[in-house]
Amino acid sequence: MLSIPFIRENKSEVIKRLAIKNFNHTGLIEEVLQLDDRRRSIQRESDETLAEANQLAKQIGVLYKSGKAQEASALKESSVALKEKARKLNEELEQVKNQLADKMVEIPNLPHSSVPAGRTSDENICVYEEGNKPNLHEGALPHWDLITKYKLIDFELGNKVTGAGFPIYTGKGARLQRALINFFLDEAIAAGYHEVQPPLLVNEASAYGTGQLPDKEGQMYTIGLDNLYLIPTAEVPVTNIFRDVILAESELPVRTTAYSNCFRREAGSWGKHVRGLNRLHQFDKVEIVEIAHPAQSYEVLESMKTHVMKLLQKLKLPFRILKLCGGDISFTSALTFDFEVYSAAQQMWLEVSSVSNFEAYQANRMKLRFRDKEGNIQTAHTLNGSALALPRVVAALLENNQDAYGINLPEVLHPYTGFARIE
RNA sequence: GGAGAGAUGGCAGAGUGGUUGAAUGCGGCGGUCUCGAAAACCGUUGUUCCGCUAUCGUGGAACCGGGGGUUCGAAUCCCCCUCUCUCCGCCA
């Protein structure tokens, strides 16, 4: 969330910037500031009352010790009254705090000044494009047909065992998954990221910390009995490692990578866009997460982009980078770049990575801070990106590298797969 | 799942109703000494909120796993919850 002092000091700027995200609920900003005023005045009154009560308690203690029980009991009465007053104030304070918290989570992160206005993904701006779209042979197949032809993934079987969107990878298909995961992890480690293997289930506090809760609950699978959530991305457990942590400035940036399964309930649209590997309920992804100094977070964002670019270059996939417009950027993000690979048989761009700077938005929520050289505590910035999500990479690899008799895999993967070609 | 023990500051570990935000040790930071370092010695060392202050600061409130209760007063007593450890059971 945003910080209230920041909103107070930059109100018109906040309103202006939020408009880029098509957020025009100016009333909410006012409400927040008013609630905060109330919070502060109640806080003050409560503190004063308690201070008085503490004074009395000390006096009573002294009186008892010196044997003046009578005087002490006289003071007790006013002490009881003060306590009652403090209790009421505290109740009120809690109420106001809760209201304030509820309002605060409704305010999205401010977009970075470079974020273009826009409503839909059509208004995203392509900032970079690389690689040639391959010329496929006559009769080239979309990946879902290739998958069947070469027995790489069994959607029907996954359907039987679990349901739609939970494919079963088989044979070379399974091996390719494992190869990509290892390749991505090795590349991340080589780039200086520290590998962790997080839990696939998180508690409520973690889901809240990264912003999945309170309003995106429907996108996650929940374990009601134990009040846990299946992670939609490793971003959630990995970023939450740093919840309620005060880092030393010298530790920044903290660079972490993790492979995980990802679970998403999101029921998509129909047709081509969700066919085959285009959209799944369970998929694999290697994620990179960084905790950065506020002054450096945009350099870090660039380095994350570079890392993702290198992966796609090594896989020899044509790709482009989009800067998301205000309407397409997520609630919590300040600046997001999407990476899309060209899937030649579908003749479609597929999103394989999303790299974002959340600035202090997540960090404020989860109290992720660092102590600067002067000893002051500051909120850190958080960033993350996919490096990469597997299914659509697989789709593009299969489609783009097919010939009439099989599929050639990019060289970098050969040591991982143990085979160069699928036939 | 059953039985028992426990949860205190960055860590270890005292503290069982009254100036205790909390002894002591370690670590961290600053200094003395040194060409420099180590050792030794001295000093310092938590977080959040509210106020005052241009700044260094400073006054107040809260926090000893979480929530509630008793009391004029709770780290300390009572209740509930969570978690950890040990033993048993089960088990990849």
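Excluded from the calculations below are hydrogen atoms, water molecules and symmetry mates; all remaining heavy atoms, backbone and side chain alike, are included. Each chain gets a letter, A, B and so on, in the order the sequences are listed, and its residues count up from 1.
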In Watson-Crick or G-U wobble terms, with both distances under 3.5 Å, the base opposite B:rU58 is B:rG51

Donor + acceptor pair across side chains of A:Asn109, A:Thr332 (<3.5 Å):
no

A:Gln402 vs A:His143 side-chain heavy atoms within contact, under 4.5 Å
no

So which protein N/O to nucleotides 46-56 of chain B N/O distances come out below 3.5 Å?
unit_1, atom_1, unit_2, atom_2, d
B:rU47, OP1, A:Arg371, NH1, 2.7
B:rU47, OP1, A:Arg371, NH2, 3.3
B:rU48, OP1, A:Arg369, NH1, 2.6
B:rC49, O3', A:Arg39, NH2, 2.4
B:rC49, O2', A:Gln43, NE2, 2.8
B:rC50, OP1, A:Arg39, NH2, 2.3

Using both distances under 3.5 Å as the test, list the Watson-Crick or G-U wobble partner of B:rA7, or none.
B:rU82

Side-chain heavy-atom pair A:Val14, A:Leu110 within 4.5 angstrom cut-off
yes

Atom C1', compared across B:rG67 and B:rG31: separation rounded to whole Å
46 Å

Compute whether any side-chain donor of one residue and acceptor of the other, for A:Glu290 and A:Gln296, lie under 3.5 angstrom apart.
no

Name the pairing partner of B:rG1, where a pair is Watson-Crick or G-U wobble with both distances under 3.5 Å, or state none.
B:rC88

B:rG30 and B:rA38, which share atom name P, separated by this distance in whole Å:
12 Å

Say we look at B:rC85 and B:rG65: how far apart would their C1' atoms be, to the nearest angstrom?
15 Å

If the P atom of B:rC91 is compared with that of B:rU84, how far apart are they to the nearest Å?
22 Å

What's the gap between B:rG59 and B:rA74 when it is taken at their P atoms, as a whole Å value?
23 Å

Which pairs would a plain distance check flag for residues 90-98 of chain A, meaning a side-chain donor or acceptor within less than 3.5 Å of a matching protein atom at least two apart in sequence or in another chain?
unit_1, atom_1, unit_2, atom_2, d
A:Glu91, OE2, A:Arg87, NH1, 2.8
A:Glu92, OE2, A:Arg38, NH2, 2.9
A:Asn98, ND2, A:Glu94, O, 3.4

Heavy-atom side-chain proximity of A:Asp328 to A:Glu123 below 4.5 angstrom:
no

As its Watson-Crick or G-U partner within any shown strand, both distances under 3.5 Å, B:rU24 has B:rA12

Would you kindly say whether A:Asn408 and A:Asn401 are connected by a side-chain donor-acceptor distance under 3.5 Å?
no

Pairwise C1' distance, B:rG27 and B:rG9 [rounded to whole Å]:
13 Å

Here's a test of your reading of the structure: between A:Leu56 and A:Ser46, which maps to the more 5' nucleotide of RNA chain B?
A:Ser46

Distance-only donor-acceptor check, side chains A:Ser260 and A:Lys285, under 3.5 Å:
no

Interatomic distance at P, B:rG57 relative to B:rU45, whole Å
11 Å

Phosphate oxygens OP1/OP2 of B:rA61: is one of them under 4.0 Å from a side-chain N or O of A:Asn54?
yes

Taking the C1' atom of each, how far is B:rG2 from B:rA14, in whole Å?
34 Å

Could you give the NZ-to-C1' distance, from A:Lys373 to B:rG28, as a whole number of Å?
17 Å

In whole angstroms, the gap separating P of B:rC83 from CG of A:Asn203 amounts to 11 Å

Considering every strand shown, what is the Watson-Crick or G-U wobble mate of B:rU19 when both distances are under 3.5 Å?
none

Scan every strand shown for a Watson-Crick or G-U wobble partner of B:rC35, both distances under 3.5 Å, and answer none if you come up empty.
none

Nearest whole Å is fine: how far is B:rG73 P from A:Glu84 CD?
12 Å

With the threshold set at 4.0 Å, does a side-chain nitrogen-carboxylate oxygen contact exist between A:Lys314 and A:Glu187?
yes

At under 4.0 Å between heavy atoms, how does the protein contact nucleotides 64-71 of chain B? Give one character per nucleotide, 5' to 3', with B, S or -.
-------B

Under 3.5 Å side-chain donor-acceptor pair for A:Ser206 and A:Asn203:
yes

Does the side chain of A:Asn90 get closer than 4.0 angstrom to OP1 or OP2 of B:rA61 through an N or O atom?
no

Could you give the CG-to-P distance, from A:Leu82 to B:rC72, as a whole number of Å?
13 Å

Counting Watson-Crick and G-U wobble pairs only, both distances under 3.5 Å, name the nucleotide matched with B:rG73, or none.
none

How is A:Leu50 classified with respect to the nucleic acid when contacts are heavy atoms under 4.0 Å: base, sugar-phosphate, or nothing?
sugar-phosphate

Please report, rounded to the nearest Å, how far the C1' atom of B:rC29 is from the CG atom of A:Asp372.
15 Å

Watson-Crick or G-U wobble partner of B:rG46, both distances under 3.5 Å:
B:rC63

Mind checking whether A:Val286 and A:Phe183 have side chains closer than 4.5 Å, heavy atoms only?
no

